[in-house]
Trainee: 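I'd like to ask you about the structure that follows.
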Amino acid sequence: QVQLVESGGGLVRAGESLTISCGVSGRPSNMYTMGWFRQAPNREREFVGTISWFGGTKGVADSVKDRFTISRDNNKNTMYLVMKSLNTEDTAVYYCAARDKLLTSRSPLEYDYWGQGTQVTVSS
């Protein structure tokens, strides 16, 4: 059983930076790609970023391009999302997810495992 645990969320002011993490335990040997998604109140869960197992393939949503960076450290079984120049529209619960497929994906429907989420709130 795979467990994903997000951490690092909190309250920040617009323009500030924040890094959130996702720790992975019980990883199956065939886990390949991971992703970050977010969900604001009354909105659907939306793609933020995805990264392949060795980090060679990764991408982020256009809405966060040039501000957010996704990375992973397999030695620590941890994925990161560095968020810079945050604005109020970035306020949401951020979820990490994992899928046991080779290809990265931007669809939440294609992920097999999910964390419980971490709240990121950006004040104006």
Side-chain angles (χ1 to χ4, degrees):
Q1 184 69 25
V2 175
Q3 291 186 331
L4 306 176
V5 180
E6 302 93 337
S7 61
L11 173 63
V12 297
R13 294 182 177 179
E16 294 184 339
S17 300
L18 189 67
T19 297
I20 57 177
S21 304
C22 175
V24 182
S25 62
R27 175 177 61 85
S29 60
N30 61 345
M31 177 180 290
Y32 292 110
T33 66
M34 297 187 70
W36 284 105
F37 294 82
R38 67 185 182 184
Q39 189 165 17
N42 301 316
R43 298 188 65 177
E44 294 186 352
R45 190 166 298 188
E46 66 172 348
F47 166 77
V48 176
T50 183
I51 187 167
S52 60
W53 177 237
F54 291 108
T57 301
K58 57 184 177 181
V60 297
D62 289 342
S63 60
V64 303
K65 189 178 181 181
D66 298 328
R67 299 190 299 120
F68 289 14
T69 302
I70 187 172
S71 64
R72 65 191 299 170
D73 184 341
N74 290 341
N75 291 327
K76 296 181 178 180
N77 288 331
T78 303
M79 178 178 64
Y80 304 95
L81 185 67
V82 177
M83 304 180 288
K84 298 181 179 180
S85 301
L86 286 160
N87 58 61
T88 56
E89 294 184 352
D90 296 315
T91 294
V93 177
Y94 284 70
Y95 297 91
C96 74
R99 65 193 300 261
D100 54 356
K101 299 292 188 297
L102 277 172
L103 297 177
T104 57
S105 174
R106 299 188 173 209
S107 170
L109 299 177
E110 296 186 358
Y111 283 80
D112 305 299
Y113 310 100
W114 291 86
Q116 83 289 347
T118 186
Q119 176 71 47
V120 173
T121 303
V122 184
S123 64
S124 58

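Numbers here are sequence positions counted from 1.
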Trainee: With side chain to side chain contact (heavy atoms under 4.5 Å, CB included) as the test, would you mind laying out the steps for E110 and L103 before giving the verdict?
Mentor: CA-CA 10 Å; E110 296 186 358; L103 297 177; over 6 Å; no
Trainee: To the nearest 0.5 Å, tell me how far R99 CZ sits from L109 CG.
Mentor: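 If I round to the nearest 0.5 Å, the distance is 11.0 Å.
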Trainee: Do side-chain atoms of R72 reach the backbone of T33 as a donor and acceptor pair under 3.5 angstrom?
Mentor: no
Trainee: So which atom in T104 and which in S52 form the shortest heavy-atom distance, rounded to 0.1 Å?
Mentor: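 Closest approach of T104 to S52: CG2-N, 3.6 Å.
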Trainee: Minimum heavy-atom separation for L4 to M34, with atom names?
Mentor: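 Minimum heavy-atom separation between L4 and M34: CD2-CE, 4.2 Å.
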Trainee: Do you reckon I51 sits in the same ILVMFWY cluster as L81, going by side-chain contacts under 4.5 Å, direct or chained?
Mentor: yes
Trainee: Grab the two heavy atoms, one from K58 and one from G55, that are nearest each other, plus how far apart they are.
Mentor: CD-O, 4.2 Å
Trainee: Using the rule that two of Ile, Leu, Val, Met, Phe, Trp, Tyr join whenever any of their side-chain heavy atoms come within less than 4.5 Å, decide whether F47 and V120 are in one cluster.
Mentor: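 No, separate clusters.
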Trainee: For residues A40 and A92, report the shortest heavy-atom separation together with the two atoms involved.
Mentor: N-CB, 3.8 Å
Trainee: Using every non-hydrogen atom in the two residues, find where W53 and N74 come nearest and quote the distance to one decimal.
Mentor: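 Minimum heavy-atom separation between W53 and N74: O-ND2, 2.8 Å.
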Trainee: Are Y80 and M83 connected in a single hydrophobic cluster, I mean Ile/Leu/Val/Met/Phe/Trp/Tyr linked by side-chain heavy atoms less than 4.5 Å apart?
Mentor: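 Different hydrophobic clusters.
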Trainee: Determine whether V24 and Y111 fall in the same hydrophobic cluster, where Ile, Leu, Val, Met, Phe, Trp and Tyr are linked whenever their side-chain heavy atoms lie under 4.5 Å apart.
Mentor: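 No, because V24 and Y111 fall into different hydrophobic clusters, even though each may have its own neighbours under 4.5 Å.
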Trainee: What residue among R13, K84, R38 forms salt bridge (charged side-chain N to carboxylate O under 4.0 Å, His left out) with D90?
Mentor: R38
Trainee: I'd like to know if the side chain of E6 and the backbone of C96 have a donor-acceptor N/O pair within less than 3.5 Å.
Mentor: yes
Trainee: Would you find more than 12 non-hydrogen atoms of other residues, nucleotides or ligands less than 6.0 Å from Q119 atom CD?
Mentor: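 Atom CD in Q119 is crowded, with more than 12 foreign heavy atoms closer than 6.0 Å.
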Trainee: Of all heavy-atom pairs between W36 and I20, which one has the smallest distance, and what is that distance?
Mentor: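 The pair with the smallest heavy-atom distance is CZ3-CD1, 3.6 Å.
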Trainee: Please state whether the rings of W114 and Y95 are parallel, tilted or perpendicular, taking 30° and 60° as the class boundaries.
Mentor: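 Plane angle over 60°, so perpendicular.
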Trainee: Can you tell me how far the CZ atom of R106 sits from the OG1 atom of T50, to the nearest 0.5 Å?
Mentor: 8.0 Å
Trainee: Please confirm whether the backbone N or O of D100 pairs with a side-chain atom of D112, one donor and one acceptor, at under 3.5 Å?
Mentor: yes
Trainee: Applying side-chain contact (heavy atoms from CB on, under 4.5 Å) between L11 and each of V122, T121, L18, report the one that passes.
Mentor: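 With L11 as partner, side-chain contact (heavy atoms from CB on, under 4.5 Å) holds for just one option, T121.
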Trainee: Is there a continuous path of hydrophobic side-chain contacts, each under 4.5 Å between heavy atoms, that joins V93 to V64?
Mentor: no
Trainee: Classify the ring geometry between F68 and Y94 as parallel (under 30°), tilted (30 to 60°) or perpendicular (over 60°).
Mentor: tilted
